[in-house]
J.: 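Here it is: the structure, laid out below.
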Amino acid sequence: MTTDATNRKTASPMLGVFAAWRRICQHCEPALYALLRTAFGIVLFTHGLPKVLGASHGSMADPMAGSINLIQNVMGLPFAPQLAFLVMLLETVGAIMLTLGLFTRAVALLFVLEMVGISYALGPTWPWIDRGIEYPVLMALLAFYIVARGGGAYSLDRRFFQR
């Protein structure tokens with residue numbers, strides 16, 4: 001028969017490992033959040049840069065024309081070339097701002113809106129492999145988390161706008 005004292009002695013090394021792991025995670029969290037925000041911005045930038053350069057991107061020979069087509073013919077919105085230009089600006093300049101943590105919440109909110117729009121245009125198909133909304137939904141949720149969290153410890157927002 002085991003006693004409570006025996007259980008505490010056998011459990012204590014494991015609890016010590018978990019406590020140490022928790023301290024490590026808490027210590028690394030600000031840097032890991034900055035890495036997450038930076039990776040998110042870089043991924044988005046890789047979608048905007050081909051539009052700026054007029055270069056092909058994956059299976060799209062002309063990403064800007066693809067954006068215009070999606071906005072005009074799939075979503076049915078007016079001013080498709082102008083909106084596609086704004087998307088291109090968001091995916092380049094906005095992605096750089098997000099990577100640096102500058103006006104993080106506002107830029108991330110714009111990315112939420114973009115990803116919701118893309119999800120609407122591509123839905124209701126779910127699997128990404130079938131040009132579905134799996135990837136944009138994940139990106140929208142990540143952007144929404146960034147809206148809630150802000151720039152974090154390693155951001156220009158923190159440097160310039162800290163109260």
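Just so you know, these numbers come straight off a predicted model, no measurement behind them.
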J.: Met139 and Phe40: which non-hydrogen atoms are nearest, and at how many Å?
T.: CE-CE1, 3.2 Å

J.: Val93 versus Met97: any side-chain heavy-atom pair under 4.5 Å?
T.: yes

J.: So do the side chains of Arg159 and Leu102 get within less than 4.5 Å of each other, counting heavy atoms only?
T.: no

J.: Would a 4.5 Å heavy-atom cut-off, applied to side chains only, mark Leu90 and Phe111 as touching?
T.: yes

J.: Taking the side chain as everything from C-beta on, heavy atoms only, tell me whether Arg37 gets closer than 4.5 Å to Thr99.
T.: no

J.: Would you say Trp126 and Val137 make side-chain contact, with heavy atoms under 4.5 Å?
T.: yes

J.: Is the shortest side-chain heavy-atom distance between Lys51 and Ser67 below 4.5 Å?
T.: yes

J.: Is it true that Val87 and Val116 fall in one hydrophobic cluster, defined by side-chain heavy atoms closer than 4.5 Å?
T.: no

J.: For the residue pair Leu86 and Gln82, establish whether any side-chain heavy-atom pair is separated by less than 4.5 Å.
T.: no

J.: At their closest point, which heavy atom of Thr92 faces which heavy atom of Leu49, and how far apart are they?
T.: CG2-N, 3.6 Å

J.: Roughly how far, to the nearest 0.5 Å, is CG of Leu110 from CG of Leu89?
T.: 11.0 Å

J.: Is it possible for you to say whether Leu138 and Trp128 belong to one hydrophobic cluster, with membership spreading through side-chain heavy-atom contacts below 4.5 Å?
T.: no

J.: Can you name the nearest heavy-atom pair linking Leu98 to Val107, along with the distance?
T.: CB-CG1, 4.2 Å

J.: Minimum heavy-atom separation for Val74 to Ala121, with atom names?
T.: CG1-O, 3.4 Å

J.: Output the distance between atom CG (Asp62) and atom CG (Asn69), rounded to the nearest 0.5 Å.
T.: 10.5 Å

J.: Show, in sequence, the C-alpha distance, side-chain angles and deciding distance for Ile68 and Leu83, and conclude whether the side-chain contact (heavy atoms from CB on, under 4.5 Å) test is met.
T.: CA-CA 8 Å; Ile68 293 169; Leu83 288 173; over 6 Å; no

J.: Heavy-atom count around Tyr135 OH within 6.0 Å, excluding the residue itself: above 12?
T.: yes

J.: Do any N or O atoms from the side chain of Arg105 and from the backbone of Gly151 form a donor-acceptor pair under 3.5 angstrom?
T.: no

J.: Hey, does Val52 have a side-chain heavy atom less than 4.5 Å from the side chain of Met88?
T.: yes

J.: Output, in order, the C-alpha distance, side-chain angles, deciding distance and verdict of side-chain contact (heavy atoms from CB on, under 4.5 Å) for Met75 and Ile118.
T.: CA-CA 9 Å; Met75 298 176 80; Ile118 290 170; over 6 Å; no

J.: Treating Ile, Leu, Val, Met, Phe, Trp and Tyr as nodes and any side-chain heavy-atom pair under 4.5 angstrom as an edge, say whether Phe144 and Leu44 lie in one connected cluster.
T.: no

J.: Determine, using the 4.5 Å side-chain heavy-atom cutoff (strictly less than), whether Phe160 and Leu100 are members of one ILVMFWY cluster.
T.: yes

J.: Taking the six-membered ring for Trp and the single ring otherwise, decide whether the centroids of Tyr33 and Tyr154 are under 6.0 Å apart.
T.: no

J.: Measure across Gln162 and Arg158 and return the closest heavy-atom pair with its distance rounded to 0.1 Å.
T.: CB-O, 3.0 Å

J.: When rounded to the nearest 0.5 angstrom, what is the spacing between CG in Asp157 and OG1 in Thr104?
T.: 3.5 Å

J.: For Thr46 and His57, work out which heavy atoms get closest and say how close.
T.: O-CE1, 3.3 Å

J.: Hey, any chance Phe161 and Ile146 share a hydrophobic cluster, counting ILVMFWY side chains that come within less than 4.5 Å of each other, even indirectly?
T.: yes

J.: As an exercise, state the distance from OH of Tyr120 to CD1 of Ile133, rounded to the nearest 0.5 Å.
T.: 12.5 Å

J.: Hey, what do you get for CG (Leu141) to CE (Met115), rounding to the nearest 0.5 Å?
T.: 11.5 Å

J.: Side chains of Asp130 and Thr125: any donor to acceptor distance under 3.5 Å?
T.: no

J.: Is the shortest side-chain N to carboxylate O distance from Glu29 to Arg149 below 4.0 Å?
T.: yes

